[in-house]
Number of protein chains: 2
Amino acid sequence: MISDNSVIKDIFKDLDFNDSEIKIIESVFKKLSIEKGTKLLNAGDLADRQYYILKGCLRAYHVDTHGKEHTVQFGIKDWWISDYTAFFSNEKAIMNIEAIQNSIIYSISKEGKDELYTKIPKIDKFFRIKLEKAFATFQKRILANLAQSAKERYIDFITTYPNIEKSVKNYHIASYLGITTESLSRIRKDLSK
Amino acid sequence: MISDNSVIKDIFKDLDFNDSEIKIIESVFKKLSIEKGTKLLNAGDLADRQYYILKGCLRAYHVDTHGKEHTVQFGIKDWWISDYTAFFSNEKAIMNIEAIQNSIIYSISKEGKDELYTKIPKIDKFFRIKLEKAFATFQKRILANLAQSAKERYIDFITTYPNIEKSVKNYHIASYLGITTESLSRIRKDLSK
DNA sequence: GGAATTTATTACCATACATCAATTTTATAA
DNA sequence: TTATAAAATTGATGTATGGTAATAAATTCC
């Protein structure tokens with residue numbers, strides 16, 4: 001009963017489902033192949049979708065009133081990405097999401113997810129645990145922003161995400177670390193000594 | 001069947017439970033009255049408990065290698081507090097949790113929570129939604145730290161938490177905003193003009 | 001209420017990072 | 001491969017916030 005579009009194997013690795021459950025799951029996920037530069041969400045739109053990244057790299061960023069970009073999240077293999085604030089509360093997005101590499105993703109709507117929660121109770125636990133991990137990651141990031149210098153945060157970044165570092169622009173990293181690209185450049189120079 | 005210790009009414013306002021469920025819930029929550037200054041968690045300890053705040057104010061903070069405190073979260077009425085990173089992954093805490101006012105809280109252990117999840121499925125959804133809201137709050141905070149000046153963050157803080165502002169020390173607020181108490185003092189002076 | 005302690009403010013100077021502008025390097029595309 | 005655009009680096013200077021130290025104000029406690 002597993003179709004060639006094996007969302008089950010990709011996303012729900014450790015869980016077992018019966019045929020009808022598989023049918024439901026496959027009906028709510030859309031597999032997409034997107035090109036580098038593709039925007040999946042624009043600020044102001046309704047953020048009614050969440051994305052699972054099978055391959056490639058995406059980023060979620062906010063553009064402030066001065067036109068400056070701030071990267072809130074990078075999404076790589078096996079991560080989920082969305083404007084969560086907007087997604088969870090059915091509000092307009094304040095973030096933009098774009099592919100910074102050619103990527104393969106699974107897309108699910110808020111309704112689709114609600115359908116999963118209702119019809120397949122064990123999915124609830126699956127997403128709760130994902131959310132707990134993401135929450136812990138965010139808590140660590142808040143702490144890093146409070147306690148560490150830009151250089152320390154950059155070192156942490158390249159150790160934690162050695163793969164991301166190769167595929168994203170420096171100005172993406174800078175906007176994630178909360179510094180300018182010039183400052184990042186100076187940090188890199190300093191570290192290369 | 002509702003005991004005088006009405007945790008159900010306090011925490012699970014909108015949910016209905018049968019007698020046996022109420023029994024389970026009341027068995028896993030401990031209601032505590034704690035004095036200002038009480039530490040509920042010390043860095044290095046196992047963070048195996050999560051707390052619901054019925055009354056009062058708590059804070060979760062990290063002490064970095066230079067001895068500086070960084071407040072990651074304030075907990076007020078109807079909020080939950082814990083070292084989530086440690087709690088979710090069964091690791092040693094890197095945070096401390098203390099009451100900064102006399103408070104009344106409900107305490108639940110990780111095992112207790114797991115018991116709830118297993119025996120009362122609808123609890124799963126309840127906590128998932130709480131977590132989604134907390135997650136959104138954290139996302140907003142990350143963005144604020146990236147995009148806003150200290151003064152802007154302080155203004156946001158006192159507008160968002162007018163009640164907290166009265167009950168916490170300025171150095172608690174400063175350590176939450178990621179600035180020194182001297183800088184906060186200057187910001188306050190500037191705003192009072 | 002007054003002494004002791006904690007917390008907040010202020011002044012002066014230091015520093016991390018930002019801004020602006022120019023230049024070099026790297027990537028893209030004809 | 002060369003032309004063009006995009007990205008990264010560098011230098012000079014500005015600014016927000018930090019550090020230190022002294023003082024003032026507010027709490028706490030006897």
Side-chain angles (χ1 to χ4, degrees), chain A residues 35-39 57 59 61 63-71 74 98-102 142-158 164-193, chain B residues 35-39 57 59 61-71 74 98-102 142 144-158 164-193:
Chain A
E35 297 233 317
K36 178 175 171 176
T38 306
K39 293 267 306 265
C57 188
R59 74 174 185 125
Y61 64 97
V63 181
D64 71 20
T65 46
H66 307 295
K68 281 181 67 174
E69 291 186 1
H70 304 280
T71 299
F74 286 110
E98 66 165 12
I100 54 183
Q101 283 189 295
N102 293 343
I142 287 173
L143 197 48
N145 283 336
L146 291 177
Q148 297 182 305
S149 69
K151 189 199 263 184
E152 289 170 321
R153 277 178 277 143
Y154 175 66
I155 292 169
D156 274 11
F157 180 82
I158 55 175
I164 288 187
E165 210 266 340
K166 287 167 200 156
S167 55
V168 306
K169 304 292 177 200
N170 275 357
Y171 64 78
H172 290 150
I173 300 177
S175 81
Y176 177 90
L177 296 174
I179 57 177
T180 58
T181 104
E182 293 92 336
S183 291
L184 177 55
S185 189
R186 285 177 196 114
I187 289 169
R188 286 158 61 87
K189 187 185 180 186
D190 192 58
L191 288 173
S192 71
K193 284 175 193 165
Chain B
E35 297 233 317
K36 180 176 171 174
T38 307
K39 292 269 304 266
C57 189
R59 72 173 185 127
Y61 63 98
H62 171 72
V63 182
D64 72 20
T65 45
H66 306 294
K68 282 183 65 174
E69 290 185 3
H70 305 280
T71 299
F74 287 110
E98 68 167 11
I100 55 182
Q101 284 190 294
N102 294 343
I142 287 174
N145 283 336
L146 291 177
Q148 297 182 305
S149 70
K151 189 198 265 184
E152 289 170 321
R153 278 177 277 143
Y154 175 66
I155 292 170
D156 273 11
F157 181 82
I158 55 176
I164 288 186
E165 211 265 341
K166 287 167 199 154
S167 56
V168 305
K169 304 293 180 200
N170 275 357
Y171 63 78
H172 289 152
I173 299 176
S175 81
Y176 177 89
L177 297 175
I179 57 176
T180 59
T181 114
E182 293 91 339
S183 290
L184 177 56
S185 191
R186 284 171 204 121
I187 288 169
R188 287 159 60 86
K189 188 186 181 188
D190 192 58
L191 288 174
S192 71
K193 283 177 194 165

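Naming: A, B, ... by sequence-line order, numbering from 1 per chain. Because the structure is predicted, anything quoted here is derived from the model rather than measured.
- Where A:Ala150 and A:Lys169 each meet DNA chain C at their nearest nucleotide, the meeting point lying more 5' is that of A:Ala150.
- Rounded to whole Å, atom P of D:dA16 lies 11 Å from atom CD of B:Glu152.
- In this structure, the CD atom of B:Glu69 is 16 Å from the P atom of D:dG18, given to the nearest Å.
- A distance of 11.5 Å separates CG in A:Asp190 from CZ in A:Arg186, rounded to the nearest 0.5 Å.
- Taken to the nearest 0.5 Å, the CZ atom of B:Phe157 stands 6.5 Å off from the CG atom of B:Leu177.
- A:Ile100 has its CD1 atom 18 Å from the P atom of D:dA6, to the nearest Å.
- Contact annotation: the side chain of B:Tyr154 approaches that of B:Leu191 to within less than 4.5 Å [non-hydrogen atoms, C-beta and beyond].
- Note: NZ (B:Lys151) to C1' (D:dT15) measures 13 Å, nearest angstrom.
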Item to complete: Could you walk me through whether B:Thr71 and B:Val168 pass the side-chain contact (heavy atoms from CB on, under 4.5 Å) test, one step at a time?
Response: CA-CA 12 Å; B:Thr71 299; B:Val168 305; over 6 Å; no
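- In this structure, CD in B:Gln148 is found 9.0 Å from CG in A:Asp64, a value given to the nearest 0.5 Å.
- Heavy-atom minimum distance, A:Arg59 versus A:Ser175: NH1-OG, 3.8 Å.
- In summary, of the residues considered (A:Leu184, A:Thr181, A:Thr180), a side chain to side chain contact (heavy atoms under 4.5 Å, CB included) with A:Tyr171 occurs for A:Thr181 alone.
- The shortest distance between the side-chain N/O atoms of B:Asn170 and the OP1/OP2 oxygens of D:dA26 is not below 4.0 Å.
- Chain A approaches DNA chain C within less than 4.0 angstrom (heavy atoms of the protein), and the contacting nucleotides run 5' to 3' from C:dC17 to C:dT28.
- An end-to-end axis angle of 60° holds for the helix from C:dG1-D:dC30 to C:dA30-D:dT1, taken from five base pairs per end and rounded to 10°.
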Fill in: Chi angles and distances behind the side-chain contact (heavy atoms from CB on, under 4.5 Å) call for A:Ile187, A:Ile179
CA-CA 11 Å; A:Ile187 289 169; A:Ile179 57 177; 3.9 Å; yes
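- Ring geometry for B:His172 against B:Phe74 counts as perpendicular: the plane angle is over 60°, on a 0 to 90° scale with 30° as the lower cut.
- Near DNA chain D, meaning a heavy atom under 4.0 Å away, the residues from residues 174-190 of chain A are A:Thr181, A:Glu182, A:Ser185, A:Arg186, A:Arg188, A:Lys189.
- Two residues are said to be in side-chain contact when any heavy atoms from C-beta on lie closer than 4.5 Å; B:His62 and A:Leu146 fail this criterion.
- The environment of NZ in A:Lys36 is sparse: at most 12 heavy-atom neighbours from other residues, nucleotides or ligands sit within 6.0 Å.
- Atom pair B:His66:NE2 and D:dG19:C1' shows a separation of 13 Å (rounding to whole Å applied).
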